[in-house]
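Note: hydrogens, waters and symmetry copies are ignored here, and every other heavy atom, side chains too, is used. In what follows, chains carry the letters A, B, and so on, assigned in the order in which the sequence lines appear, proteins first and then strands, with residues in each chain numbered from 1. Since we're looking at a predicted model, the values are computed, not measured.
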Number of protein chains: 2
Amino acid sequence: MNEKLFLRDPQESVLGRKILHHGLIIINKLGFEQFTFKKLAEEIETTEAGIYRYFENKHRLLVYYVNWYWSYTEYKLSFLLNNIDDPEKKIKLIIRTLVMPPAGKSVISDAISEMEAYQLVRWEASKSYLTRNVADYNKSKLFKPYKDLCVVIADTMLEYNSRYKYSHSLASTLMEMSHAQMFFMENLPTLSDSQKADPTKLIAYLDHLIFSALDH
Amino acid sequence: MNEKLFLRDPQESVLGRKILHHGLIIINKLGFEQFTFKKLAEEIETTEAGIYRYFENKHRLLVYYVNWYWSYTEYKLSFLLNNIDDPEKKIKLIIRTLVMPPAGKSVISDAISEMEAYQLVRWEASKSYLTRNVADYNKSKLFKPYKDLCVVIADTMLEYNSRYKYSHSLASTLMEMSHAQMFFMENLPTLSDSQKADPTKLIAYLDHLIFSALDH
DNA sequence: TCTTTTATGATAGTTTTACTTTTATTTTTA
DNA sequence: TAAAAATAAAAGTAAAACTATCATAAAAGA
């Protein structure tokens with residue numbers, strides 16, 4: 001985790017881990033705009049000032065969660081792809097890993113629940129970069145996990161077809177759409193081809209989209 | 001324009017049009033989070049209360065602009081596609097219309113500048129639906145212009161290939177990515193394959209992506 | 001034309017958000 | 001066991017996000 005994201009490392013103390021754990025749940029419950037440090041402080045029975053000792057503001061906390069999610073996804077993928085040679089299989093695994101909700105209880109961090117992080121990404125992730133601070137944040141490497149995973153995926157696409165010219169754009173399209181299309185299915189179904197959140201249908205669409213592009 | 005978006009129609013008065021005109025410019029300058037009705041009121045020499053008589057809150061104003069942009073884009077496309085029969089040509093025109101910054105001065109509204117609306121969409125459009133109010137907003141038809149354009153595009157795709165199964169998802173992917181990829185080129189170039197904002201390169205990518213999918 | 005409605009301007013006030021500061025108390029570590 | 005570090009408690013500030021009131025000006029209707 002990039003140290004510029006926090007003032008004191010939240011994973012290193014009981015209070016810090018409480019902040020991480022309940023902050024994520026409350027953001028998911030209320031939405032990022034309605035979330036405040038005051039509400040979080042009340043929930044975990046500390047004070048606003050207590051939270052400000054860990055995070056400069058709520059936007060940095062959001063970026064923390066989003067980064068955690070993408071780092072964790074890259075970590076998961078590095079295992080899954082480890083002893084697979086066939087790039088087609090690799091890409092299919094990537095798509096499924098991006099789309100599928102994390103299964104059950106494979107807890108990697110005490111504080112942060114994968115399932116909650118997965119939901120947060122669907123609703124709030126783009127707010128992490130859609131800010132006038134993008135340039136500064138980017139200079140401080142605060143989007144590194146997202147960009148790293150994008151490069152991993154782009155490289156896998158090039159393994160499959162080394163002559164494909166738009167691997168990075170296709171990789172970021174995949175990363176964005178694996179969550180946005182799920183959001184559409186759930187909330188604005190006219191924008192998708194399914195009336196309910198259906199990961200299987202989304203995987204079929206993305207498989208078709210990505211391999212058509214790479215095969216063309 | 002959906003009447004539920006405003007309390008008093010801003011196009012019908014001098015003050016209303018001033019709000020629309022300068023509101024858009026200030027949002028683009030400061031970013032939506034930093035934008036307030038107070039700042040807008042100072043700019044146009046009225047009071048906060050004056051603006052609240054037109055819009056319930058700043059989020060409704062944002063949705064107003066986004067809707068204006070998508071309605072206007074559908075209107076532009078209805079002309080462009082009017083006497084073209086070849087669906088391939090139609091899709092290419094759609095892609096170019098979505099990607100290219102609006103040319104010069106073809107002003108359709110005194111109050112709202114197309115160029116400013118185009119910029120707003122790149123930075124702020126997804127914040128219009130990434131809110132806990134999506135369901136309510138959607139019930140009130142507040143996303144109709146976006147959804148209508150999506151259906152127009154999806155139908156054109158089906159004209160090109162009636163057997164394609166994911167026309168709505170592909171259309172919304174196109175609508176989202178025509179702006180998101182431009183944002184990436186400008187701000188997070190690692191996520192794209194270009195170091196600067198290059199509409200031509202983006203068009204090439206989207207042409208390839210969409211036609212590969214439809215041809216496959 | 002006179003009256004009534006409607007829009008705007010001016011002013012003030014409330015609650016919540018997003019912080020900062022200070023001091024006392026506890027916990028950790030050297 | 002003393003010093004350092006982290007937390008709790010309390011208070012305060014500036015700005016954001018509204019709401020309310022009243023006077024005046026402009027437009028519209030009878």
Side-chain angles (χ1 to χ4, degrees), chain A residues 3-23 26-27 29-65 111 124 127-128 131-133 136-137, chain B residues 3-23 26-65 110-111 124 127-128 131-133 136-137:
Chain A
E3 298 205 342
K4 282 174 187 151
L5 272 175
F6 46 75
L7 303 170
R8 198 195 307 303
D9 188 343
Q11 294 278 12
E12 295 293 307
S13 73
V14 176
L15 180 59
R17 287 188 293 268
K18 265 182 158 180
I19 291 170
L20 290 180
H21 182 77
H22 290 90
I26 298 176
I27 292 177
K29 193 164 132 196
L30 305 180
F32 184 65
E33 288 73 21
Q34 302 310 312
F35 166 80
T36 68
F37 279 179
K38 183 102 185 284
K39 290 170 185 169
L40 173 55
E42 273 159 24
E43 178 74 23
I44 62 181
E45 282 168 323
T46 182
T47 59
E48 259 183 294
I51 298 168
Y52 277 108
R53 266 183 241 118
Y54 283 86
F55 289 97
E56 216 177 305
N57 54 53
K58 68 175 186 173
H59 191 255
R60 300 248 163 184
L61 179 59
L62 174 67
V63 178
Y64 186 98
Y65 291 130
E124 320 290 354
K127 294 169 194 166
S128 67
T131 159
R132 302 292 140 158
N133 304 322
D136 284 349
Y137 273 51
Chain B
E3 298 204 343
K4 282 175 187 150
L5 272 174
F6 46 76
L7 303 170
R8 201 198 303 306
D9 188 343
Q11 294 278 11
E12 294 292 307
S13 73
V14 177
L15 180 59
R17 287 187 295 269
K18 266 181 157 181
I19 291 171
L20 290 181
H21 182 77
H22 290 89
I26 299 177
I27 293 177
N28 278 337
K29 193 163 132 198
L30 306 179
F32 184 65
E33 288 74 21
Q34 302 309 311
F35 166 81
T36 68
F37 279 178
K38 184 99 185 286
K39 290 170 185 168
L40 174 53
E42 274 159 24
E43 178 74 22
I44 62 181
E45 283 169 321
T46 183
T47 57
E48 258 184 296
I51 298 167
Y52 276 108
R53 270 186 226 114
Y54 283 85
F55 289 97
E56 216 178 305
N57 55 53
K58 68 176 186 173
H59 190 256
R60 300 248 164 183
L61 179 59
L62 175 67
V63 177
Y64 186 99
Y65 291 131
D110 283 359
E124 320 289 356
K127 294 169 194 167
S128 67
T131 159
R132 302 292 139 158
N133 303 322
D136 284 348
Y137 274 52

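Side-chain polar atoms of B/Thr131 and B/Tyr137 form no donor-acceptor pair below 3.5 angstrom.
For DNA chain C, the residues of residues 9-23 of chain B within the heavy-atom distance limit of 4.0 Å (strictly under) are B/Ser13, B/Leu15, sorted by number. Remark: B/Thr46, B/Thr47 in residues 41-48 of chain B come within less than 4.0 Å of DNA chain C through at least one heavy atom.
Ring orientation note: the planes of A/Phe32 and A/Phe35 are close to parallel, at an angle under 30° on the 30°/60° scale.
Comparing the helix axis at one end of the helix from C/dT1-D/dA30 to C/dA30-D/dT1 with that at the other, each defined from 5 consecutive pairs, gives an inter-axis angle of 20° (nearest 10°).
Computed from coordinates, the A/Leu62 CG to C/dA18 P distance equals 13 Å when rounded to whole Å. Separating the NZ atom of B/Lys58 from the C1' atom of D/dA17 is a distance of 9 Å, rounded to the nearest angstrom. The distance between atom CZ of B/Phe55 and atom P of D/dC18, rounded to the nearest whole Å, is 14 Å.
Closest to the side chain of B/Tyr52, out of C/dC19, D/dT19, C/dT17, is D/dT19. Here the side chain of B/Ala49 is nearest to one of C/dA7, C/dC19, D/dT19, namely D/dT19.
Across all strands shown, A/Lys38 has no heavy atoms under 4.0 Å from either base or sugar-phosphate atoms.
Between A/Lys39 and C/dT17, a side-chain N or O to OP1/OP2 separation shorter than 4.0 Å is present. Within the 4.0 Å cut-off from OP1 or OP2 of D/dA6, not a single side-chain nitrogen or oxygen of A/Tyr54 is found.
Here the rule is side-chain contact (heavy atoms from CB on, under 4.5 Å) with B/Ile19, and of B/Ile51, B/Val14, B/Thr46 only B/Ile51 fits it.
Here B/Glu124 pairs with A/Arg132 in a salt bridge; the nearest charged N to carboxylate O distance falls below 4.0 Å. Salt-bridge formation is not detected for the pair A/Glu33/B/Lys127: no Lys NZ or Arg NE/NH1/NH2 atom is positioned less than 4.0 Å from an Asp or Glu carboxylate oxygen.
For a distance-only test at 3.5 Å, the side chain of A/Arg53 fails to qualify as a donor-acceptor partner of the base of D/dA5.
Across every non-hydrogen atom of A/Gln34 and A/Lys39, the tightest pair is O-NZ, 2.7 Å. Considering every non-hydrogen atom in both B/Leu20 and B/Ala111, the closest pair reads CB-CB, 3.9 Å.
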